[in-house]
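Worth knowing before you read on, the calculation uses all heavy atoms, side chains too, and leaves out hydrogens, waters and symmetry mates.
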There are 2 protein chains.
Amino acid sequence: MVRLGKLTDYGLVLMTCIARSRVALRTARDLAQESRLPLSTVSKLLKELLQSSLLVSHRGIKGGYILARDPHQISVLEVIAAIEGPMALTECSTDITGLCNLESACPIKSNQQIINQAIRGVLEKVTLSDLAHPLELTPLRDAKGRVVPIVASGRIQ
Amino acid sequence: MVRLGKLTDYGLVLMTCIARSRVALRTARDLAQESRLPLSTVSKLLKELLQSSLLVSHRGIKGGYILARDPHQISVLEVIAAIEGPMALTECSTDITGLCNLESACPIKSNQQIINQAIRGVLEKVTLSDLAHPLELTPLRDAKGRVVPIVASGRIQ
DNA sequence: ATAAAACTAGACCGATTCGGTCCTGTATAG
DNA sequence: CTATACAGGACCGAATCGGTCTAGTTTTAT
């Protein structure tokens with residue numbers, strides 16, 4: 001349902017790879033080998049992640065990529081936004097005149113905002129280090145203090 | 001980024017319409033007029049919502065649709081799943097033999113599960129009545145007891 | 001200096017999915 | 001029995017996605 005796209009998944013995998021082995025610069029060729037992805041795709045993704053200032057690159061021989069920040073300071077929301085682009089919150093087609101000029105608040109826009117903000121709020125809380133070490137997730141709690149299941153114990157469909 | 005698809009949005013709007021005016025059965029033609037959507041699309045969506053047991057239908061003249069449960073007992077997760085289909089959690093292409101038979105846990109699958117469960121956990125908490133009356137959202141709190149912003153006060157990006 | 005390694009940028013295309021429409025049934029009230 | 005409204009498909013154009021390729025630039029080792 002809430003598809004993230006394969007490329008976004010690959011991007012998260014690459015960021016996780018870099019986060020885990022942060023000893024030196026990782027080259028695109030190297031990451032392609034570790035992640036079993038074609039080099040062209042890896043290069044494309046690293047490029048996009050670089051343009052969003054999530055990575056820092058060093059050129060030339062002995063070059064490579066490194067995380068711009070610590071893994072626990074990079075949220076998956078940023079990674080997703082870097083690859084899929086910022087979410088189009090203003091999707092209300094304002095060019096079709098007269099249809100959306102209702103006096104009441106637009107219900108579509110309201111729904112989108114509520115749901116998008118809910119998803120954003122959660123994705124902001126999940127960081128790269130959570131993906132690298134899935135056991136140390138900081139649990140969310142609802143209004144009654146109960147833990148909101150994140151990894152397991154939720155119904156699967 | 002985390003696109004929900006226009007049809008899913010329309011479905012949420014329709015469900016909200018039905019939830020708000022739950023006095024009698026709402027006909028597809030009626031809902032199409034209120035939501036300003038083409039009748040064909042509305043019929044298609046109502047059909048899918050019906051097959052997921054979120055609506056109850058009555059045929060014949062004087063027929064129509066009605067919510068199967070109370071608005072606060074229908075989560076937006078169910079509505080989304082009804083229209084977009086259940087999320088493909090088992091997307092790991094097992095047909096490409098040998099590539100995914102690594103001894104370590106598959107990082108892609110792990111990432112997907114973590115993120116999907118996070119999103120599911122939140123969408124399960126938002127109900128139709130929250131969409132109908134956006135002011136009464138029950139706030140989520142993180143591990144430190146602070147309120148997780150859902151509607152406002154989050155950066156818009 | 002020079003060549004090799006590695007990043008940078010963008011065009012490009014096939015395949016898949018999405019949004020949307022239409023048509024033919026079937027059931028029910030009057 | 002007939003008009004109304006739901007039921008369940010098939011169907012198609014368009015937009016997007018996943019993925020590849022080519023050409024160019026920067027840096028370092030020798």
Side-chain angles (χ1 to χ4, degrees), chain A residues 1-14 18 24-33 35-66 68 80 82-85 87-88 91 93 96 99 108, chain B residues 1-14 18 24-33 35-66 68 80 82-88 91 93 96 108:
Chain A
M1 25 161 285
V2 185
R3 286 150 295 96
L4 276 191
K6 286 184 182 178
L7 288 184
T8 308
D9 253 327
Y10 300 161
L12 287 169
V13 171
L14 292 176
I18 303 177
L25 281 74
R26 305 292 309 269
T27 166
R29 208 170 305 268
D30 180 14
L31 290 168
Q33 202 167 16
S35 61
R36 312 261 182 173
L37 295 173
L39 175 58
S40 350
T41 302
V42 172
S43 293
K44 181 183 188 174
L45 290 173
L46 293 175
K47 184 201 319 174
E48 293 171 352
L49 292 168
L50 176 75
Q51 290 173 337
S52 297
S53 302
L54 297 180
L55 293 177
V56 173
S57 71
H58 290 274
R59 292 195 178 192
I61 196 171
K62 292 257 179 181
Y65 292 93
I66 194 177
I80 294 173
I83 296 177
E84 305 213 341
M87 165 167 29
E91 241 239 48
S93 52
I96 307 178
L99 281 186
I108 294 181
Chain B
M1 27 161 283
V2 184
R3 288 151 294 95
L4 277 190
K6 285 185 184 180
L7 288 185
T8 309
D9 253 327
Y10 300 162
L12 286 168
V13 170
L14 292 177
I18 302 177
L25 281 74
R26 305 293 308 270
T27 165
R29 206 171 306 266
D30 180 15
L31 290 168
Q33 201 168 17
S35 60
R36 312 259 181 174
L37 296 174
L39 175 59
S40 349
T41 303
V42 171
S43 292
K44 180 183 189 175
L45 290 172
L46 292 175
K47 186 199 316 174
E48 292 171 353
L49 292 167
L50 175 77
Q51 288 172 338
S52 296
S53 302
L54 297 180
L55 292 177
V56 173
S57 69
H58 291 274
R59 290 197 182 189
I61 195 171
K62 290 256 182 185
Y65 292 95
I66 194 177
I80 294 173
I83 296 178
E84 305 215 340
M87 168 165 27
E91 241 239 47
S93 53
I96 305 177
I108 295 182

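Following rounding to the nearest Å, Leu25(B) (CG) and dA29(C) (C1') show an atom-to-atom distance of 13 Å. As rounded to whole Å, 19 Å separates atom P of dT17(C) from atom CD1 of Ile83(B). Between the C1' atom of dG20(C) and the CZ atom of Arg36(B) lies a distance of 20 Å, rounded to the nearest Å. Residue Glu48(B) contributes atom CD, which lies 11 Å from atom P of dG19(C) at whole-angstrom precision. When rounded to the nearest whole Å, the span between NZ of Lys47(B) and P of dG9(D) equals 8 Å. Rounded to an integer number of Å, the gap from Leu45(A) CG to dT8(C) P is 14 Å. Atom-to-atom, CG of Leu55(A) to C1' of dT8(C) comes out at 14 Å; the value is rounded to the nearest Å. What separates NE2 of His58(A) from P of dT8(C) is a distance of 10 Å, to the nearest Å.
How far CG of Leu37(A) is from OH of Tyr10(A): 6.0 Å, rounded to the nearest 0.5 Å. Separating the CD1 atom in Ile83(A) from the CG atom in Leu4(A) is a distance of 10.0 Å, to the nearest 0.5 Å. Note that CG of Leu7(B) is 13.0 Å distant from CD1 of Ile80(B), once rounded to the nearest 0.5 Å. A distance of 9.5 Å separates OG of Ser43(B) from CG of Leu31(B), quoted to the nearest 0.5 Å.
Between the axis at the start and the axis at the end of the helix from dA1(C)-dT30(D) to dG30(C)-dC1(D) there is an angle of 20°, using five pairs per end and rounding to 10 degrees.
Nearest approach of Ser35(B) to Val13(B), heavy atoms of both residues: CB-CG1, 4.3 Å. Nearest heavy-atom pair across Leu50(A) and Ser57(A) is CD1-N, 3.7 Å. For the residue pair Ser52(A) and Ala82(A), the shortest heavy atom distance occurs at OG-CB, 3.3 Å. Taking both residues in full, the closest heavy atoms of Gly11(A) and Leu49(A) are given as O-CD1, 4.3 Å, listed atom of the first, atom of the second, then distance.
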Let me see the working for Ile18(A) and Leu46(A) under side chain to side chain contact (heavy atoms under 4.5 Å, CB included), right down to the final yes or no.
-> CA-CA 11 Å; Ile18(A) 303 177; Leu46(A) 293 175; 4.3 Å; yes

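A close approach under 4.0 Å does occur between a side-chain nitrogen or oxygen of Thr27(A) and OP1 or OP2 of dC7(C). Within the 4.0 Å cut-off from OP1 or OP2 of dG8(D), at least one side-chain nitrogen or oxygen of Gln51(B) is found. The side chain of Ser57(B) places an N or O atom within less than 4.0 Å of a non-bridging phosphate oxygen (OP1 or OP2) of dA7(D).
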Encode nucleotides 18-30 of chain D as B, S and - characters from 5' to 3', where the letter depends on protein heavy atoms closer than 4.0 Å: B to the base, S only to sugar-phosphate, - to neither.
-> SBS----BBBB--

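At the heavy-atom level, Leu46(A) lies nowhere under 4.0 Å from the strands shown.
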